[in-house]
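Presented below is the structure to which this report refers.
Chain A is the first sequence line, chain B the second, and so forth, proteins listed ahead of strands; every chain is numbered from 1.
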Amino acid sequence: MGVKFGLYLKLSLFLHVGWLFSNSTVFFVISCYFSFQKKVADSPDAILRNGLNNRYRVLEVSVIQRNGSDPEKHLAITASPSLEDRELCILRNGWESVPVVPGDIVHLEGQCSSGTWVINAQSGYLVLYPDLLLSGTTISSSIRCMRRAVLSERFRGSESGSPQMLVGTILHDIFQQSITNDLTQEKVQELANKIVYGQKYLKEMYLLNMKQAQIMQEIEEYLPSFFKWAEDFMHNPANQNKMQLKLSNGGKPEDVSSKIEVVDILDIEENIWSPRFGLKGKIDVTARVKIHCQSGAQSRVMPLELKSGKESNSIEHRSQVILYTLLSLERRADPEAGFLLYLKTGTMYPVSGARMDRRELMKLRNHVAFYLTHSTYKSDVGRQNSQLAALPPVIDDSQTCKYCSQMHNCFLYSRAVEQKMASVAFPPALVPVIDRETQHLKPSHLEYFSLWYLIFLTCEVLFLIKAGDCVGNMIRVDEVHEVSEGQYLHFFQRRNGAISGTNLLVGDRVVVSGEEKGLLGLATGYVREVSGTKVSCLLGRNLSNLPKNTVFRLDHDEGDVGTGVPFKNLSKLMKDCPVSERLRNLIIDFQKPCFIQHLSSVLPPEAKETVANILKGLNKPQKQAMKQVLLSKDYTLIVGMPGTGKTTTICALVRILSACGFSVLLTSFTHTAVDNVLLKLAKFKKVHPDIQKYTEEEICRSRSIKSVTDLEEVYNSQPVVATSCMGVNHPIFAQKQFDFCIVDEASQISQLVCLGPLFCSKRFVLVGDHQQLPPLVLNAEARDLGMSESLFKRLEQNQNAVVQLTVQYRMNSKIMSLSNMLVYEGKLECGSEKVSNATVNLPNLKKLKLDLGDASKSWLKEVLDPDTPVCFLNTEKAGCKPSDIGIISPYRHQLKTITDLMAKWKENRVEVNTVDKYQGRDKSIIIVSFVRNSIDENLGSLLKDWRRLNVAITRAKHKLVMVGCVPSLCCYPPLEKLLCHLQSQAMISFFSIIHKCNIL
DNA sequence: GCTCTGCAAAGAGGA
């Protein structure tokens, strides 16, 4: 067996930031003139410390070049928060190329003597942004092309899989389960059958259009090699050829030929996060290995990396193993080496985790980390807007590029962003290729791409590890239940003290770690139940093999949510295909939406009666909306003003469309909104009104779907499919094209997220109201760049596509008139006399009035009077704390105070919530507490928003009581307008201090 | 100056 020894990774690293030094100068120091945005350094979570897990902040960077000697980089660093106690870090022998700038956070490994660290060829590592964990595959793929590595991090999930990949995944699964259980021929065959003909990989097979038998055939070719490997490395290692493997305590230096015996499998898919090396990854197999050599045997716990493809023993494969040896350091003694196991042949290669290879890989990691964190920059001191930075350079290797899965994104970015940069040069042969591959895009499209790419970069969260909510000091109790394949129910008990309710909620995503160092990120999953001191979680891994006394912590996992989807959609929008071209024309270039003339051409005669029946239940504008949608060739926007029956309208629309034989994709940003519509729809379906029955999972289970053909049938038989906008990554949407797509809550969804479902439909309907709250954007810069503009708002300028639902069934006329005056210009009308005149029913009012005989409480009488549907309580003279009353409020702190007070009065039936959370809902009586009570303070931005005020005042059906200090609130233009109106209608009263509020 | 929804993930091979 030919085994290579200690392959030295000679990697040429590219650097194209500003401080590359000139070698003609004798001695000079450059301070960096690029002011990059440093997402780590600016983060308050970066905790500086000394010791083993040190974190230093870089204060100054100097490049030192002496004639005739190699260049060095000197870093002035500190681990003290006050930025005193400076230390020096000297980078040599290639480490000086690490693109570190002042302000960066670094981790140092190695020796430090009297305040000076030396990182050179022989010892030490510098880890740039150690809290940015990069996966083993990202780093090993960056060897060939760093640009591709960075692009696939950003456009995660935009690479479609291949048949070989799926076969690879299944082979991994079979091998991993076999070696932990039973590697006999009979059992392995049985397992292979169970996995291939089971449900686990059906969706992937459907997506790739593969049949189970075809996959089984490929799998079977591998199985003999499984047994050969087991024979060679588990049962009869004596028969094995010797391999070259040198470990530090392996005796004499020449004693490097040994035989390998795998004695025990300790873990499968072991997940390790290493904030020491800034790495993360999953180790296929963690095994106890005995190394037999002349001077005896020694045992190590080592990583095995499985490969089902061609037996290449390539740098990429070997690098992955070397990175896993580094990851292993978090959990156990240095394995110093690992193995590459090629499943096709059963051959196993040792891979030594030698210092020089580890060093080169860490340098590579630092470069990838640099590019990921410096994706934007601010070029001038005066101008503060961020700009897109260049990606790692395009490599000059057409063979590699030809098969690259990121080619589209690579060319797109070059064309839209980099071609304008003087500093970026492309391989000449590639320039015409880039131009050709992007020629379908107009300048407006490239601009749209750049803008939205920048917008999503500014709010990208790169760092996994945050000092967030955590419940610690937990031990595992009871048995672990395997609820379904790969889903393990765990129970944790707090060792002391109760679990604070706010820290973990049912349904939250959690990361389970050991409290002990090195046990970070053991498993991820969801919170099932929280009670007192106990938590149950559904985790992706079974943790019962860990020592009984392991102390755990559960962290709320916010992850990097939502950035993958928009980047993916943006990339898709720029593709050279008819669906994308159409959307570009409509969305970017505002092409006028078209409508057909006559309903008769879309309405099949046999559906006429059904449609007429459904229309009977609708009002005039709702009927108009139905007509408009049926006539549309491109899209329709339905403005659903408050209380105008959006859900009813959507239901009717779905029913009419499917009666006409159209397929419909129904989506919304939130699952609850999708559920609402489905629940209403379920009533008409004459099936059990529990929507659980309609989930894809449940349908497959109840019909015991076992083959790809069955699955295909199920998918094709559903004329109406509902999902959240993020959920359109489901395989069903990869092949199916719907006639219509309806997007609910469209004015609250970010443009690029809203785009997702539109790719799989011929026409779309957006339902929303831009006078209510827009998409939530936390990042101020992203907001300035226009991120909160929903697709609904953007397309609204094409008025011919807009239908307004103006007849509302929620508010009585007095309440409605406020909103009409404020934003709807009188368009809103009551659905009936009954709605218009409805007042609140207070059965105990008479009795209560007697109790309120006291003149000082006469204001209360006025407020309670059902014939006063709108009332503004002026707290100006009363001096009453605004915190004394309230149900909805713009401020969460106010709500907390109110909730606490109500709890004291044992009143928990009244729902207290923010204006934002109340959007889309209503109540008979709404009390709005505006809180503000001073004029001179800084004005908050919350009350300046017309849309928020509009939402606040349109939640009440019968009675709207607003509380606040009139002069304070008049500083806000929307409230000023409202108060002016109320004044003219004599709807403002003053009130005195009240002591009890349990009257409602 | 304070409003908060979304979601699995690293790797599965190919040249």
Which of these nucleotides, B:dT5, B:dA8, B:dA15, is closest to any side-chain atom of A:Lys917? B:dT5
Over how many whole Å does the gap from A:Lys568 atom NZ to B:dG6 atom C1' extend? 15 Å
Side-chain contact check for A:Thr169: nearest option of B:dA12, B:dG14, B:dT3 is B:dA12
Parallel under 30°, tilted from 30 to 60°, perpendicular over 60°: which one fits the rings of A:Phe175 and A:Phe226? perpendicular
Classify the nucleic acid contact of A:Gln748 as base, sugar-phosphate or nothing, counting any heavy atom under 4.0 Å across all strands shown. nothing
Minimum side-chain heavy-atom gap A:His317-A:Tyr342 below 4.5 Å: yes
Which is more 5' along DNA chain B, the nucleotide nearest A:Thr400 or the one nearest A:Asn913? Just name the residue. A:Asn913
Would you compute the distance between atom OG of A:Ser929 and atom CE of A:Met962 and round it to the nearest 0.5 angstrom? 12.0 Å
Is any side-chain nitrogen or oxygen of A:Ser724 closer than 4.0 Å to OP1 or OP2 of B:dC7? yes
In terms of side-chain geometry, is the basic nitrogen of A:Asp267 or A:Arg541 positioned less than 4.0 Å from the acidic oxygen of its partner? yes
Reckon A:Leu166 touches a base, only the sugar-phosphate, or nothing at all at heavy-atom distances under 4.0 Å? nothing
Base, sugar-phosphate, or nothing: which does A:Gln919 touch, judged by heavy atoms less than 4.0 Å apart? nothing
Toward the 5' end of DNA chain B, by each residue's nearest nucleotide, A:Thr138 or A:Gln164: A:Thr138
If I pick the C1' atom on B:dA12 and the same atom on B:dA8, what distance separates them, to the nearest angstrom? 16 Å
Output yes when A:Glu330 and A:Arg276 qualify as a salt bridge under the 4.0 Å nitrogen-oxygen rule, no when they do not. no
Nearest to the A:Asp916 side chain among B:dC4, B:dC7, B:dA10, which nucleotide is it? B:dC4
When you get a sec, tell me which of B:dG11, B:dG13, B:dG6 is the closest nucleotide to the side chain of A:Phe669? B:dG6
Mind checking A:Gly136 for me? I need base, sugar-phosphate or nothing, with any heavy atom below 4.0 Å counting as a touch. sugar-phosphate
Of the listed nucleotides B:dG11, B:dC4, B:dG6, the one nearest the side chain of A:Ser135: B:dG11
What is the nucleic acid contact for A:Asp284, judged by heavy atoms within less than 4.0 Å: base, sugar-phosphate only, or nothing? sugar-phosphate
Can you list, in residue-number order, the parts of residues 402-410 of chain A that come under 4.0 Å of DNA chain B, counting heavy atoms only? A:Tyr403
For a quick check of understanding: with a heavy-atom distance under 4.0 Å over all strands, which category does A:Gly281 fall into, base, sugar-phosphate or nothing? sugar-phosphate
I need the CG-P distance between A:Leu773 and B:dT5, as an integer number of Å. 13 Å
The nucleotide from B:dT3, B:dA8, B:dG14 with an atom nearest the side chain of A:Lys310 is B:dG14
Regarding A:Arg948, tell me which of base, sugar-phosphate or nothing describes its non-hydrogen contacts under 4.0 Å with the strands shown. base
Whole Å only: how far is the CZ atom of A:Arg156 from the P atom of B:dA12? 17 Å
Within this structure, what is the CD-to-P distance between A:Glu311 and B:dG14, rounded to whole angstrom? 12 Å
Taking A:Thr286 for the side chain and A:Pro303 for the main chain, is one N or O donor matched with an acceptor at less than 3.5 Å? no
Looking at A:Lys646 and A:Asp769, does any basic side-chain N land under 4.0 Å from a carboxylate oxygen? no
So, OP1 or OP2 of B:dC4: does either fall under 4.0 Å of a side-chain N or O from A:Thr914? yes
Could you walk me through whether A:Thr345 and A:Glu311 satisfy the side-chain hydrogen bond (donor to acceptor under 3.5 Å, both in side chains) test, starting with their C-alpha distance in whole Å, then the side-chain angles of each, then the deciding distance to 0.1 Å, before giving a yes or no? CA-CA 8 Å; A:Thr345 53; A:Glu311 189 178 315; 2.5 Å; yes
Whole-Å distance, A:Arg892 CZ to B:dC4 P, equals 4 Å
OP1 or OP2 of B:dG11 under 4.0 Å from side-chain N/O of A:Tyr324: yes
Is A:Ser308 near enough to B:dG13 that one of its side-chain N or O atoms lies under 4.0 angstrom from OP1 or OP2? yes
